[in-house]
Amino acid sequence: MSDGLPDGVERRPFDGRERLATRGSPVYGEPTDGDWRAWDASRSKLGAMLSRGLDTGLTGGEPVLYLGAAAGTTVSHVADFAGPTYAVEFAPRPTRDLLDAAAPRSNLFPLLKDAREPASYAHVVEPVDAIVQDVATRGQAEVALRNRRFLADDGRLLLAVKARSEDVVADPGDVFERVLEDLRSGYEVLATERLTPTHEDHLAVVATPRTE
Ligand SMILES: C[S@@+](CC[C@H](N)C(=O)[O-])C[C@H]1O[C@@H](n2cnc3c(N)ncnc32)[C@H](O)[C@@H]1O
């Protein structure tokens, strides 16, 4: 790990601008330089967290459970630097593209499953050191609490809370407070940061399981 980034993630110049990058097959038309592919932080909340220097606890090579994988924009970068990467997505359309992103990545395992029902994939997913969660659904704290069963006691939850998925009219600050309060029943919150302006009305949360 260097510069607070996991092994396998580097800041590299693309067209004269320094950007995060991982090594792997391109997925979404991102610029490449040899084996390296730029990681577009404006399209990825985890990319934005790393770009801003949040201490995510990711070291590289660890098993990861990714909730809300969509077409694979972010989870493909995760699989480039992590170990086994389990990618849960419940919508069939983006999952088709996710399968394409997984084809050249032997450590990326797409699961067409509902993240609110972890029992449906518990037979496949091994214990992980990190859960990355970016699900656009009401009850984001509850999703994190239900999936805590997979996370090592000293592991990290890296959560992007989307205020408008909880309540379209409420003040995002109030929504974040409510989500954090719910989350604290099972997690200790280590850090939070608003992801404005790249991700409007999103809060990044780094948390670890409460063990008492
Ligand atoms: C903002 S998108 C994720 C983008 C993705 N994380 C990325 O950066 O490439 C949110 C995704 O969460 C998925 N989602 C919402 N509720 C879900 C659930 N209960 N289980 C699994 N996926 C869910 C949606 O289908 C959508 O693809």
Side-chain angles (χ1 to χ4, degrees), residues 6 9 19-22 24-30 37-52 54 56 58 64-82 85-102 105 108-122 124-125 128 130-150 156-168 172 175-176 179 182-183 194-196 198-206:
V9 182
R19 303 174 65 169
L20 288 186
T22 61
S25 302
V27 169
Y28 52 100
E30 67 278 23
R37 48 191 292 252
W39 186 346
D40 188 345
S42 70
R43 293 181 59 172
S44 168
K45 286 122 211 172
L46 181 63
M49 289 184 209
L50 290 169
S51 200
R52 287 158 176 260
L54 262 179
T56 61
L58 292 167
V64 173
L65 173 61
Y66 192 107
L67 305 173
T73 301
T74 300
V75 78
S76 62
H77 286 289
V78 172
D80 288 346
F81 70 81
T85 303
Y86 302 93
V88 175
E89 170 56 54
F90 77 167
R93 176 69 193 85
T95 302
R96 264 184 271 152
D97 294 334
L98 178 59
L99 290 173
D100 291 339
R105 295 178 169 83
L108 177 54
F109 306 108
L111 300 166
L112 180 59
K113 297 288 184 188
D114 188 332
R116 293 167 298 192
E117 296 172 11
S120 69
Y121 47 87
V124 181
V125 176
V128 297
I131 295 178
V132 181
Q133 180 179 323
D134 181 21
V135 290
T137 184
R138 187 180 288 238
Q140 292 163 89
E142 182 60 26
V143 169
L145 290 166
R146 289 186 190 179
N147 283 274
R148 180 180 174 282
R149 60 194 281 178
F150 300 111
R156 290 289 180 277
L157 168 71
L158 307 172
L159 167 64
V161 182
K162 182 176 182 180
R164 307 226 171 272
S165 292
E166 298 291 334
D167 189 327
V168 278
V175 174
F176 296 146
V179 172
D182 291 347
L183 199 62
R194 294 280 284 256
L195 294 177
T196 318
T198 47
H199 302 279
E200 213 52 62
D201 297 335
H202 282 79
L203 182 74
V205 180
V206 181

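When a ligand or atom number is given, it counts from 1 through the structure's own listing order.
With a 4.0 Å heavy-atom cut-off, ligand 1 is reached by no atom of Lys162. With a 4.0 Å cut-off on non-hydrogen atoms, Thr137 touches ligand 1 through its side chain and not its backbone.
Those atoms of ligand 1 with a heavy atom of Ala91 less than 4.0 angstrom away are 25 (O). Which parts of ligand 1 touch Asp114 is read off a 4.0 Å heavy-atom cut-off, strictly below it: atoms 18 (C), 19 (N), 20 (N). Distances below 4.0 Å separate heavy atoms of Tyr66 from the following atoms of ligand 1: 5 (C), 6 (N), 7 (C), 8 (O). Near Arg116, with a cut-off below 4.0 Å to any heavy atom, the atoms of ligand 1 are 19 (N). Per-residue contacts place Lys45 under 4.0 angstrom from the following atoms of ligand 1 (heavy atoms of the residue considered): 1 (C). Residue Lys113 approaches ligand 1 through these ligand atoms, each under 4.0 Å from one of its heavy atoms: 20 (N), 21 (C).
Every N/O-N/O distance between Val75 and ligand 1 stays at or above 3.5 Å.
Residues Leu65 and Val88 form a side-chain contact, since some pair of their non-hydrogen atoms from C-beta on lies under 4.5 Å apart. Proximity of Arg105 to Ser25: side-chain heavy atoms (C-beta onward) are separated by under 4.5 Å at one or more points. Considering only heavy atoms from C-beta on, Asp201 comes within 4.5 Å of Arg194 through its side chain.
Checking side-chain atoms of Glu89 against main-chain N and O of Leu111 turns up no donor-acceptor pair under 3.5 Å. Not a single donor-acceptor pair under 3.5 Å links the side chain of Asp40 to the backbone N or O of Glu30. The closest donor-acceptor contact from the side chain of His77 to the backbone of Arg37 lies at 3.5 Å or more, if one exists at all.
Here the protein heavy atom with the shortest distance to atom 2 (S) of ligand 1 is Asp134 O, 4.1 Å. Closest to atom 8 (O) of ligand 1, if we only count protein heavy atoms, is Thr74 OG1, 2.6 Å. What sits closest to atom 25 (O) of ligand 1 on the protein, heavy atoms only, is Glu89 OE2, 2.6 Å. Looking only at heavy atoms of the protein, atom 21 (C) of ligand 1 is closest to Phe90 N, 3.3 Å. For atom 20 (N) of ligand 1, the closest heavy atom belonging to the protein is Ala115 N, 2.8 Å. When only non-hydrogen protein atoms are considered, atom 5 (C) of ligand 1 lies nearest to Gly68 O, 3.3 Å.
In summary, the side chains of Gln133 and Gln140 do not present any donor paired with an acceptor at a separation below 3.5 Å, with no hydrogens or angles considered.
By the 30° and 60° cut-offs, the orientation of the rings of Phe150 relative to Tyr121 is parallel.
Within 6.0 Å of CZ in Arg149 there are more than 12 heavy atoms belonging to other residues, nucleotides or ligands.
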_For a side-chain contact (heavy atoms from CB on, under 4.5 Å) check, start with the C-alpha distance between Leu46 and Trp39, then their side-chain angles and the critical distance, and finish with the verdict._
CA-CA 10 Å; Leu46 181 63; Trp39 186 346; 4.0 Å; yes

